[in-house]
Structures are given as C-alpha cells and as structure tokens.
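Have a look at the structure below, then the notes.
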Amino acid sequence: MMRQSYHATISSPADFGGWRAAARTALALGVAPEHMVFVPEGETPPLFAEPLPEPPADARQPTVPRAFPSLAETILCHSDPERFGLAYRLLWRLQADKHLLDVASDPDVQRAREMEKAVRRDEHKMHAFVRFREVEDPDGERHYIAWFEPEHHIVERTAPFFMRRFAGMRWTILTPERSVSWDGGELAFGPGARREDRPRDDDMEALWLTYYGSIFNPARLKPKAMQAEMPKKYWRNLPEAELIEPLIRGAGAAEARMLANAPTLPSIRHQRTQERTMVTGGAPDYAAYGANRRPEDLDEARAQALHCKACDLWEPATQTVFGKGPRNAPVFFVGEQPGDQEDLAGEPFVGPAGKVFDQALAVAGVDRTQAYVTNAVKHFKFMPRGKRRIHQKPDMGEVRACRWWLDLEREFVRPKLVVALGATAAAAVLGKTVTIKATRSKLIDLTETTKLLVTVHPSYILRLPDPEAQKRETALFNEDMARVRDFVPEIALAA
Ligand code: URA
Ligand code: SF4
C-alpha cells in the first residue's frame, strides 16, 4: 500500500522555528522521512503530498541529544536544498538511536557535519571580510554600508555579531539574498540587493542611494515576515520591545493583530518537555525558584532569581547577586559565589577578588563592560564571626541547585567563550568535578559554538602567603586573560 506523503511550508531559507514545529508534528504523526517534504514559501508542493495535519493532542516531544538543536539550526543555514529533509531524517533516526550523532561514518551524520562546517566557515568569512564604507544619507546623516555575498543563508545568524561590534554606528549590509540594517536601536532585515548593483569601483554612494529608499521606507517593513525570519533566539539578545513594537505600531491593523496573535511562545507543556530534554535534565520546581514558569529572557530570569529559595543560602544573605553584563556578551565569566561586598552591592566581583580580576583584565586589554560576569552560586554563604562574615565554600548541593540559573544565563547570553574562575565554577559549568591542573588554560568544547577555558579563582591568588608565588600566579592568570582576548578579539579594549 502506498503511504501518504505530507508537506510543510518553510517561510524563510533558514527558518529553524518553522522547520522544528513541522518536524515535531511530522514525527508525532509517524511520517517517515521519505514521506515528508519541506517546501520553501513560494514554491509549489509536490502534487501528491498533503498539508501536514495538526499534531495529535497527546503528542510527546521528541528527545534529542543536547547537541542536536544547534546542529540542526546550523545546517538549515546551508544552501543545500536538501537541508530540511536531512535535518528531519536525523531527528527521525535519533529516536531509534540516540547516539547516532557520534557515528561519524554514517552518511547522514557526515553530510550534516560537512554542512555545519561550511556554514561556520562562511560565517567566519563574513565576520572577517565585511568592510563598511562611510556614505551619506540623502538627509545628510552618516551611514556605513557594506556589500557581501555569503555562500549560505547566514545573514540573520551573523547580524548580532555586527550589532555588537558596531553598536554605535548606523550601518547596512547588503547581500543578494537579504539585507540587514542597524540604526543604533534596532536591527531590521529586508530583501536582498541585485547582483547587478554590486558596487564596481567602490562606488558605495551609488549603491546606497539605490537601496536607501527600500531599506528605510517604513511601508516596506514587514513585521510578520521579520518575526518569522529572524530566529527567536536572536530576538532575546536584542532590545526586543524596541525591535518589534515600533513595527507593530507602524503596521496596518490587520498585520498588528496577526502579529499580536502569532503563536510565538511554545505552550507550557512544550516548554516543560523541552527543558527535560535539552536543558538541565530536570524541570525545576518553579515555585522554589521564585517563579511560575520558565523565564523567556535574561531579564525575566534575573527578576525571578531575586525570589529564589531553592537552597538554604537565600535566607541569611542580603540579596541575590545575579550576573551582570551585556545580554549577548561573547565572553561569560563564572566565579564561585558573591563575597561580603558583592552581597551588599548586589553585583559580582566588586570586592577584593574583583580588584585582582579587574587588574588582570586591564593587563590583558580585556574590556569587562563587554563581558558577562556571574557566579556559580548566587547567594553569599558565610559564617558570622563577631561583626564579620567569613566566606564559606558552597557545597555541591548548593551548586547543583543554583545551576538552573547559571544554565539559563548561558543559554540566553550564548557566549563564544565561558571562563570558569576556579574549580567550583568549572564543576558548575561542566556538571562534574575536574581539577584545575588537568583543565587549566585549554580551550575545551562545551557545545558546538561555545568553548570553555578554566583558570584559577582570583581569591586563590589573594590568599597565597608567599609574595613570589603570588607574583608567579598573577602572571599565569594574566596569561589566561590574554588567551581570552586572543580567542575573542572583539572583547579587547578599544585602543
Ligand atoms: N568571588 C567570587 O567568586 N565571586 C564574586 O562575585 C566575588 C568573589
Ligand atoms: Fe537560589 Fe542559588 Fe541562591 Fe540557592 S544559592 S537560593 S539556589 S539562587
């Protein structure tokens, strides 16, 4: 008997959210990969394929290894028209063999890895080779413009990098497929530019005047399309309200309604399952964490953590000391727990250990204001001794309880590099104890996109009794901070 084939429409070239929703539905319905077709919007679905029905009400979310979502998201940026089908075939096969991704010789895995590498390479190329030229708007404002031709669908993916790097400029990158502009407050994506318009003789001014109107004509902004095309994970790295709200205001009433009603948030049931499979391995007791749901962004997590009582440390402490720094910082420092001064100030690393830390960053030329700085445990643990409060090391139960916040911070910030200051931080990040000796100064793979560097805790240096040893250790710590700068050059202090 012939099996029914189904199709789902994918609204933009690298639409991970759209693919994932369709793939989950297809999986829940038991649609085998050979019967599932993903069709880019605007193309005609195959004649015999029916639109994918609603998923069964009791559909279970698929379990996938932690590395899969990011792999899938990356390969969907590849220009290969088979990418959606390949990602679905992997998802399907992972249900029967959860170690599939480890089988490097498997043809699907092999292809996925090649595609992943190609996308990464393209992304790095774009980071490195986009060159902005200064041009003038028709109204005399200074603007920077660049032309680039990526091989894959990476404009959305690379935009946050340029936004961070050139936050203070108004700029536009034109590519044949998409354009992206930053006006200092929001990123806007638009249609691509024609290859014929590619600047010859560096005539950027002419290029700019050709596209200025279409980029800054508000009538052309399509919030719905933008929302669909810009992966959700990027929005939360952005001043989200700023990004979306003016667009809603400017849009027609019908569009605004559609946008307001768009099911952008997974249902609670979906969120829960996702947590179990992708985050820490256990959905928390939200009430204990001072919350009633999984936070959607860093600010919500921070607000919830103020009321956290998931371990006993909250009670004697003054306040929760949550991480601090830009929400899309490329480097993410993790200390142990707040000390006396941090507990009073409500900010990490502002006391004596913070001074050592700041000093090393200054020597290495690392800009702390561009880094996210946090602790494994968010409440100060101490023993009262007269008027003083003596720092006590958190135990593994406390570290484990507080990992919920640390993991969320990392998930929302999505740093390129995590730096664990000391063994407690390393254990919290890795979920297992390691020695500094075995791990120090290496770049360890945490995920596909994030590396870990383990170094000592600055207080360790402070506590060394011997000035010679202190000097030696300071030099080694400075070297580690220089490694941070070398691995993430965009964190360097402006000269
Ligand atoms: N030590 C830490 O680990 N973190 C701080 O914030 C301060 C001191
Ligand atoms: Fe919550 Fe962590 Fe503080 Fe415990 S230490 S109360 S888990 S934030």
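Start at 1 and go down the list; that is how both ligands and their atoms are numbered. In this text the structure is predicted, and so the values were computed from the model without any measurement.
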What I want to know is whether Ser459 and ligand 1 share at least one N or O pair that is separated by under 3.5 angstrom.
no
Need the ligand 1 atom indices (1-based, order shown) with element for anything under 4.0 Å from a heavy-atom of His457.
1 (N), 2 (C), 3 (O)
Enumerated ligand 1 atoms positioned under 4.0 Å from heavy atoms of Glu336
2 (C), 3 (O)
I want to know whether Phe148 and Phe129 have ring centres closer than 6.0 Å.
no
Are Gln341 and ligand 1 in contact, using a heavy-atom cut-off of under 4.0 Å?
no
Measure up the Phe162 and Trp171 rings against each other and bin them: parallel (under 30°), tilted (30 to 60°), perpendicular (over 60°).
perpendicular
For the side chain of Glu398 and the backbone of Asp395, is there at least one donor-acceptor N/O pair under 3.5 Å apart?
yes
In the protein, what heavy atom is nearest to atom 2 (C) of ligand 1, and what distance, to one decimal place, separates them?
Gln337 O, 2.9 Å
Looking at His391 versus Phe382, is the centre-to-centre ring distance below 6.0 Å?
no
Contact atoms of ligand 1, heavy-atom distance to Pro348 under 4.0 Å:
6 (O)
Taking the six-membered ring for Trp, are Tyr460 and Phe477 ring centroids under 6.0 Å apart?
no
When the ring planes of Phe322 and Trp405 are compared, do they come out parallel, tilted or perpendicular, using 30° and 60° as the limits?
perpendicular
Examine Gly335 against ligand 1 and note whether any of their N/O atoms are separated by less than 3.5 Å.
no
Option nearest atom 6 (O) of ligand 1 (shortest heavy-atom distance, choices Phe349, Phe357, Phe380)
Phe349
the protein heavy atom lying closest to atom 4 (N) of ligand 1 turns out to be Asn375 OD1, 2.6 Å
Does either side chain, that of His379 or that of Thr320, offer a donor lying less than 3.5 Å from an acceptor on the other one?
yes
